[in-house]
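Okay, so here's the structure we're looking at.
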Amino acid sequence: MHILILGGTTEARSLAGLLHGRVRVTSSLAGRVASPRLPAGEVRIGGFGGAEGLAEWLREHAVDAVIDATHPFAERISFNAAGAAATAHVPLLALRRPGWVPEKGDDWHEVASLDAAAGALDGLGDRVFLTTGRMGLAAFAACPQWFLVRSVDPPEPPMPARADVLLDRGPFTLAGERELLARHRIDVLVTKDSGGTATAPKLTAAREANIPVVVVRRPPVPAGVPVATTPEEAAAWVLGPGGSQTRF
């Protein structure tokens, strides 16, 4: 049995570890991070050439099932995966960590896009902690606020005119996030609803400091694609009851 994991996330690496040695696993990484953490099993890096290219790859490599374990905001690859799986007649599962839920004391401002997030900043604060990654910074290029931009790799222009860049990779600690907000005198946080625990401490730190948070809602999973919320659920989808490897 050959499983293709569209990965790059912590959940994708965990899933590859659960399946490795029981089935053939190939993890596909987009190649946007310079030094990615590699999962167990076979790894390929780079795109497929859209849905048609992915469908051809599935057929050429005798893939039995695909698991889309990409970032919740990797909308294009998710829809390409749905189209390719349908074309190649291969089962598809989406692995998505649950989204964040506001708690008592949170001051969240939920928006539908990065452009909307930029528009929501007026009146919320002048010193912005921007944690949406290095892609999409153009949405904030015309904003007059000062930004602390945190990303794994250096961002490229266009980006805010007044900005400092902090290169760092999670998981982050609550103590570290508290210190960062205080040191940079942050008065508004912007984030995507990535979910999970690795970057969640910033939300707690913002709540404690009474800092408003602009939260970009995640796009939906393509219609008709089943969803697992943990690597264990996804592994069970592949292996079947008791890990008998009879699912497909």
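Note that the coordinates shown come from a computational prediction; the quantities given were computed from them, not determined experimentally. All heavy atoms count here, side chains included; hydrogens, waters and symmetry mates do not.
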> Transitive ILVMFWY cluster of V165 at side-chain heavy atoms under 4.5 Å: who else is in it?
Replying inline: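 So far as hydrophobic clustering goes, V165 is joined with F73, V111, L114, L121, L124, V128, L130, L137, F140, F147, V149, M159, L167, V188, V190, V214, V216.
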Interatomic spacing from [atom1] in [X] to [atom2] in [Y] - rounded to 0.5 Å:
| X | Y | atom1 | atom2 | result |
| --- | --- | --- | --- | --- |
| R162 | W146 | CZ | CH2 | 9.0 Å |
| C143 | D126 | SG | CG | 11.5 Å |
| F172 | T131 | CZ | OG1 | 8.5 Å |

> For E42, which residues count as a salt bridge (charged side-chain N to carboxylate O under 4.0 Å, His left out) partner, sequence neighbours excluded?
Replying inline: R24
>> Taking R97 first and then E11, would you say they form a salt bridge - that is, a charged N and a carboxylate O separated by under 4.0 Å?
In response: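 Salt bridge: yes.
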> Can D193 and R217 be counted as an ion pair, charged N to O under 4.0 angstrom?
Replying inline: no
4.5 Å side-chain heavy-atom contact, [X] and [Y]:
| X | Y | answer |
| --- | --- | --- |
| V25 | I5 | yes |
| V238 | I67 | yes |
| L29 | V43 | yes |
| E208 | R178 | yes |

> So R96 and E233, salt bridge (charged side-chain N to carboxylate O under 4.0 Å, His left out) or not? Walk me through it.
Replying inline: CA-CA 11 Å; R96 293 288 186 272; E233 288 180 20; over 6 Å; no
Hey, are [Y] and [X] close enough side-chain-wise for a donor-acceptor pair under 3.5 Å?
| X | Y | result |
| --- | --- | --- |
| R44 | S28 | yes |
| T26 | H61 | no |
| S113 | D115 | no |

> Do W108 and L203 pass the side chain to side chain contact (heavy atoms under 4.5 Å, CB included) test, and can you show the C-alpha distance, the side-chain angles, and the key distance before you say yes or no?
Replying inline: CA-CA 10 Å; W108 282 19; L203 301 174; 4.1 Å; yes
> Is L92 linked to I3 within one hydrophobic cluster, defined over Ile, Leu, Val, Met, Phe, Trp and Tyr using a side-chain heavy-atom separation of less than 4.5 Å?
Replying inline: no
> Linking I/L/V/M/F/W/Y whenever their side-chain heavy atoms sit closer than 4.5 Å, directly or via other members, would V63 and V23 fall into one cluster?
Replying inline: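 Not linked; separate clusters.
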> So, for A234 and A228, which heavy atoms are closest and what is the spacing to 0.1 Å?
Replying inline: N-CB, 3.9 Å
>> Could you walk me through whether L95 and L15 satisfy the side chain to side chain contact (heavy atoms under 4.5 Å, CB included) test, starting with their C-alpha distance in whole Å, then the side-chain angles of each, then the deciding distance to 0.1 Å, before giving a yes or no?
In response: CA-CA 9 Å; L95 173 55; L15 175 60; 4.2 Å; yes
